[in-house]
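So you know, we letter chains A, B, ... as the sequences are listed, proteins then strands, and number each from 1.
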Amino acid sequence: MRRLATALGWLSATIVVVLVATAPVGVETQAAVGIGVILAMMVLRRLGHGSVERHAYLALGTLVVLRYVWWRTTETLPPIDDPVGFGFGLALWLAEMFCVAMLFVSLFVVADPIRRAPARRLADADCPSVDVFVPTYNESTELVAATLAAAVSMDWPADRLKVHLLDDGATDQKRASPDPVVAAAAERRGREMRALAEGFGAIYLTREKNVSAKAGNLNAALASTSGDLVAVFDADHAPTREFLRETVGHFADDPRLFLVQTPHFFLNPDPIEKNLGTFARMPSENEMFYSVVQCGLDRWNAAFFCGSAAVLRRTALDEAGGFSGITITEDCETALDLHSRGWRSRFVDKPMIAGLQPETLAQFIGQRSRWCRGMIQILLLKNPLLRRGLTPAQRIAYLSSALFWLFPLPRIAFIAAPLLFVFFGVRLYVANLPEFFAYTVVYMIANMLMQNHLYGRVRWPWVSELYEYVQMPWLARAIVSVLIAPRKPTFAVTDKGVVTERTRLSEIAAPYFVVFAVLALGSALAFGRFLADPETNDPMLIAGLWNSFNLVLAGVGLGVATERPERRRSQRLGVSHRAVLEVDGRGLDVVIDDISVGGVRLRSLDPSRPFGRIAGATTLLIAPGDGAEPVRVPVRIRRTGADDRGAFLGLAFGDLTPAAHVAVATVMFGRAAILDGLRSRRRIGRSLFVGTVQLLGWAVAQSGRALGAVLDGRNRRSTAAATAVAVPVPVAVVTGDHFDAAEAHFWA
Amino acid sequence: VHPTVPLRVALPLLAALAWTHAATAAPTPTAVGATPPADAAAPAVHGADERLSRLPSIGREPRLLGETDTLSWPVFVSAEEAAAPTRLHLAWETAVAVMPEASRLTVTINDRPIADLAVGTGGSDRSADLALPAGLLEPGWNAVRIVAEQRHRVECTAAATFELWTRIDGARSGLVFPVAAVADRRGLADLAGLAPDADGRRRIRLVSPRAADDPAGLARAFRLAQGVALAGGFLDPLVTVVAAPGGGPGLDVVLTDAGRGPAAGAAASLEAADPTRMTLTLPDDDDAIDRVVTDLTHRDPAAFGSVAGRALRRGLGGVVVASGARVSLAALGVHTHEFSGRLFRAGFDVRLPADLAAGDYGKVSLRLVGGYAAHLDRSSRLTIRVDGRIAVGLRLSAGDGEVFAGRPLEIPFSAFRPGVNRVEIEASVGAAADRDCDPLAARDAAARFLLVDRSELVFPTFARAVRLPDLAATAAGGLADLPAEARPILHLPRPDPATLAAAATFLARVAVTAGRVQDLAVSYRAPGSDDRSALVFAAAGDLGRATLASVGLDAGALREIWGTTRIGDRRIAPAIRIASAFAATSLPRLPAEPATTGSLGGETVVRSDGADPLDRWRRSLESRWSPTALVRDLGGWLDRLFRPSAALATDALGTAGLHLAGSTDLVLAQRATAGGVTTVITAASPDRLLAGVTRSTGRRWAALEGAAVALSGDDEAPSVAAAADRGTWPTRWDPANLRRLAAVRAAELPLVFVALAVLAALALGFATARLLRRQ
């Protein structure tokens, strides 16, 4: 009864808002409404951040958006007797309406995000048995070793934890390859991996044929294991010690739960962050997805599997016949299948794996292209609207995740529209200057304010637009290829841990330069024409302003396509852990300042014994946990130095035994709080104004850097000398037991 | 009696009387008295066995202005006349500035070219006698059209084109029929053939001896006069109430006591005493009159005639435009024109419903078909004016010229008003050749501007409500559209002949604009405080201070301009009956024919807003993008945003801004009161009231708008007071109409709308938060 009254109240409020939004008032009144509503939004934002304030804020923005949509639809389409203008105008309108629809879908998805309470702690006797799957295909031994070390050192009763290395790089099919080089490499890899796995007490698994890619690999492992739960970690995703403690408890709460997903957290910047130099300050791109969207999806029981850093229930997988493998995004597809069978999912927003992401723009685009094609495949082959067994909310949720990947199409429309007018005089948006400001600009401001309110902590203004722009040229092709042949795409493993030697143009930079040049010409032409006759050239001014916004994005895009040098293979993580360095057979108390899978940096705890005289190879004693027996880790001195906190010593690891690996992993991944701290340190939102100013700054600096690289590339052909550029990037670190604060650095 | 007084100087009444008197006796060439002595070749208007049927009034002076202009008359011809050999006689006078070699008048009848006349040397009277081919005229309505193409003798500027004019002498122009071709007029349809006076206006004399005692009788006589005007297609008839049939051209409507009327069975009988006079006789009772009125108004008035003639008849007083209509320029009377001059002007009237609530909920889209030549001056532009105000403009300065194939020009619908709206299309197309100015080259100059009559006006769906005070809506019949409880009673506190004539003439003009009879009850007393709605016609001296104040008029101010000490002194008293006033057969004195000045000023309605010349200059000199212009635009916007709400709080006077002067002839003022609306139409004396109403219902009809208007002589701009706050009486109650009305209201009170919008969104936010609250 009460719910009915609430629903009726909501319905009548919605009707009133729709009536107001479609009231046919003139442009002056619209300007008053637009400014009034935006002022109200600003006031409301200062008043508070409760649920009521949040929804009132979004409703205000929605009103402005709806007014724009109504006006845009009823007033601005070109007349049908101008077929060229009408055709392009309709395409642009469709693109805009798609974006508005996506806005409303995402408003629904993130209407009420869930912050899950910590999972119930299970007594050891109640702990279910867990099979950990680490699928690998071509990752380096070093990477896999780190992940296995972290996996075996997870906090879980040893008799209920089995770690499996699922090697798809050494299947029977590969080892029997007609190409003797391939066959030999597979044979060698198989031996190496088996030895590695056995060293960690993990189980090595491989299969006959490389069918169904990762899904097939996981399914093969399912068949030969029997644990209650399955945890999946990509080979470059090392879990923290408490991963299972924080997730498995949820399965005890809900017998129909098939999935607990956790966020992916990366220790290295993606190429956009790297090339813009924002890694340490700006929230990572995927944080919007994990910390807002997945939490929102969780509200509608629609959080989905992201391929790694998740725990699944075997009975649920068995019921569905294992992991689904029709599309190349097997993870989302599996979740969709299980949700439609009535299973439930949860999302725990706590970063508990440390992973790597692609470092060059080309790799990044390759990875996104796979996601894009896979999600479009889901749309085409397993459309959530038509799928039986899903709730309406789940349908909308999956649809939003899949449709998101169509963003390159509207993005192309927004870039093409002003150019069509400037170059060819196609009138595809019928509006005068007052209308443009009163409707379009007001709508854009309201839209950005809403986005900033929803995602502001995890996404700076205009960054979404930048990522979309950068992916646009390539993902548009991907979409077209999937639409032509929905079943054709195959799984390609994303390369990670690749080294960039020096500043250079990305191998896929050409389109960005072409688009930039065309946009620059368009803006020059538009403003030139406007200034020639400002009285009558309103449309040129509109087109010029619009095109210049695209030009700004394209300018930043140039910088993204200009790769900065990245020489580090393994990222350092700031920690604070006591250890003992053996010097001349005597132990020296030290603290580990930062650590990577390749080495550590130490400071002495005994001021009377400086590092000065140490040289050559030696041993570091690390205790993997309180009171545990120290493990001997072979190290080589790489450099000594001093900073404002005193002298330090840089060491590289020698060949690590499995035990040493585990010790290193314990130091690195012993505490998830370290990752959480890193993440929250970057979570400082930017206002729309600051974000806009910053975007303009980037546009100038980055396009300059890109043009510099072009010139530099020419010079370099004659000189061939390489210079390394050091970019120190401070990041946050959570303190160890004995220190109040520690500072760590990533070096390039 | 005064056959030798030149028409253009004489009082039109006297001239008319002279002509008709002569015509009824023995029409001779001298009787017309104005045959141009300078042009000996021109024949007399008509011979002894012929008679002239003048061209009727079309609501504007019959003057062709500027480089190109068109005059069109719907002319009614009886079957006998159509069959007879007929001539079209035209007499005109041309401005001195007009270049004879390059200036022509093209005459068409029913879209068939009849003659292409040289306008002749300026400054002299000219005439032409055009024999019409047999069978050209059709029984019923025919279209007579004159298109002028005029060029200046010595100047090639756009401004100089305002010196170009050719005036058609209405009194001496028309169709000339043989006397023998007189119709045996019997049917009511033949009312349309009623001869106009020298001004082109038709006279209706209501012969009703009992009207002085019987307000109800007067009310039905008024209804009958309106029905006659509607059926006959009389745009601006002069209606008088007399005791006995009068002389001169016109229609005597004789209301007889029941029994003494027409033969049993017939409701009315129509007789033609002579070619210029008709008599309609019918019994003076509600039944008979209502039957005749129904008969008059329920037939298609334009059922017979040529296609062009019927279209013109239908569009007389403005083409009726329905909600959501698409109307081509051709249908609006504008024809395709390839123009080689400097300033192209074309205009047309559209008639919108009286219960139109115009506002920015829609736009009127002009889908322009046409184009312009290459290399015009940079200042070349197309300007669309609605009711004298610039509504939208378009540069015509692209170096390569342009061709428009339906290019939309959006006119804000708020630029329109209920009733008649004048839309003008003006293309100023200067070119380099104008600076050399070889007037002779103008004869075969290349075309610069093309307007194709396939161009269309697309109107939005109308919001329907009577919104008063608004004299434009009142002139279009808004009072009769009010719901019964708010419909006013016509108050005539002193029912003397002049006041009655003023009221009858006004109502007839309203009826023709509205296209239907205005059925208002009549009272011979001043409105009392318990009268919700009133329409008052009276000399200012006959009005109480309270009545004047009820429409925002200040008795003191009126006394000051009119010097009548009695204004406002009158107490509300029972109606005074002045039976003796009806005894005389003399017609009330009618105003003199307006002086001809040769300027355009008399045609253009200048409004009180934006009239500050300094302001206009500033705007014309400044770039739109200059900081001062931007700041002023912003200031204007803020003012429009905040003022209505402030005005609502202070209840500003409706007549603020009304400028009264000694020359003010007529004041019309209106105000919405609780549940009703009061309208006062007043002047210094009953005669001046009649003179003012006569003028305002003629060529100044479009001047009526806003909450109050003060009209002076024809050459002076009327002063208009805008309505501060209007009452709204919806005439449709469907949700779509209410939505549009709400939008009109929202635009009037923008801040209230903003507050409502914010509150609605906040309510939605609150409701959403509740809806999503987890149990």
Side-chain angles (χ1 to χ4, degrees), chain A residues 3 6-7 9-14 16-37 39-41 44 50-64 67 75 78-79 81-82 111-112 114 299 430 432-434 533-537 541, chain B residues 359-363 365 367 378 381 393-398 405-408 410 412-414 460 463 623-625 633 636-638 640-642 739-740 742-751 753-775:
Chain A
R3 287 207 58 83
T6 314
W10 185 83
L11 201 63
S12 32
T14 305
V16 173
V17 165
V18 168
L19 285 177
V20 170
T22 57
V25 295
V27 67
E28 292 200 343
T29 313
Q30 161 64 20
V33 171
I35 293 172
V37 168
L39 287 177
M41 288 171 89
L44 200 62
S51 165
V52 172
E53 286 94 340
R54 170 186 159 95
H55 287 109
Y57 190 90
L58 296 176
L60 284 166
T62 301
L63 174 70
V64 172
R67 281 205 62 80
E75 307 262 330
D81 35 356
D82 168 16
D112 188 22
I114 290 187
R299 166 72 167 84
V430 183
N432 58 31
L433 201 60
D533 189 1
E535 300 290 315
T536 51
N537 266 340
L541 182 64
Chain B
D360 282 327
Y361 54 82
K363 287 172 177 172
S365 181
R367 306 276 165 82
R378 280 191 51 152
R381 62 185 301 137
L394 176 69
R395 274 286 166 110
L396 303 178
S397 54
R407 167 83 182 267
E410 308 283 356
F413 196 40
S414 54
S623 156
R624 230 174 102 194
W625 297 100
D633 284 352
W637 176 67
L638 287 174
R640 285 188 291 281
L641 207 57
F642 287 97
R739 171 174 165 267
R740 278 184 281 271
V744 172
R745 199 75 187 119
E748 284 171 351
L749 297 169
L751 287 190
F753 182 60
V754 172
L756 184 77
V758 170
L759 284 178
L762 292 179
L764 176 61
F766 185 73
T768 309
R770 277 193 68 94
L771 191 71
L772 287 172
R773 202 164 55 180
R774 272 164 278 177
Q775 268 69 34

A.B. asks: So for Ile35(A), is it side chain, backbone, both, or neither that comes closer than 4.5 Å to the heavy atoms of chain B?
C.D. replies: side chain
A.B. asks: Quick one: what part of Arg407(B) sits under 4.5 Å from any heavy atom of chain A, side chain, backbone, both or neither?
C.D. replies: side chain
A.B. asks: Which distance, rounded to the nearest 0.5 Å, do you find between the NE2 of His55(A) and the CG of Leu764(B)?
C.D. replies: 9.5 Å
A.B. asks: Which one, Ala760(B), Pro412(B), Ala761(B), leads in non-hydrogen pairs under 4.5 Å with chain A?
C.D. replies: Ala761(B)
A.B. asks: Going from OG1 on Thr6(A) to CG on Leu772(B), what distance comes out if it is rounded to the nearest 0.5 angstrom?
C.D. replies: 11.0 Å
A.B. asks: Under a 4.5 Å heavy-atom cut-off, does chain B meet the side chain of Leu39(A), its backbone, both or neither?
C.D. replies: neither
A.B. asks: Below 4.5 Å, heavy-atom pairs only: which of Ala31(A), Ala40(A), Gly9(A) has the largest tally toward chain B?
C.D. replies: Ala31(A)
A.B. asks: Please classify the contact of Leu63(A) with chain B as side chain, backbone, both or neither, using a heavy-atom distance under 4.5 Å.
C.D. replies: side chain
A.B. asks: Would you compute the distance between atom CG of Leu751(B) and atom CG of Leu641(B) and round it to the nearest 0.5 angstrom?
C.D. replies: 4.5 Å
A.B. asks: Which bit of Gln30(A) comes within less than 4.5 Å of chain B, counting heavy atoms only: side chain, backbone, both or neither?
C.D. replies: neither
A.B. asks: Mind checking ring-ring contact (aromatic ring centres under 6.0 Å, His included) for Phe413(B) and listing every partner two or more places apart, or none if nothing turns up?
C.D. replies: Tyr361(B), Phe416(B), Phe462(B)
A.B. asks: Looking only at heavy atoms, which two atoms of Lys363(B) and Pro460(B) are closest? And how far apart?
C.D. replies: O-CD, 3.5 Å
A.B. asks: Ala757(B) versus chain A, heavy atoms under 4.5 Å apart: side chain, backbone, both or neither?
C.D. replies: both
A.B. asks: Check whether any side-chain heavy atom of Val27(A) lies under 4.5 Å from a side-chain heavy atom of Asp360(B), and answer yes or no.
C.D. replies: no
A.B. asks: Give, as side chain, backbone, both or neither, the part of Arg67(A) having an atom under 4.5 angstrom from any heavy atom of chain B.
C.D. replies: side chain
A.B. asks: Which atoms of Ser12(A) come close to chain B, meaning under 4.5 Å heavy atom to heavy atom: side chain ones, backbone ones, both, or neither?
C.D. replies: neither
A.B. asks: Thr22(A) vs Arg739(B), test: side chain to side chain contact (heavy atoms under 4.5 Å, CB included). Steps then yes/no.
C.D. replies: CA-CA 9 Å; Thr22(A) 57; Arg739(B) 171 174 165 267; 4.1 Å; yes
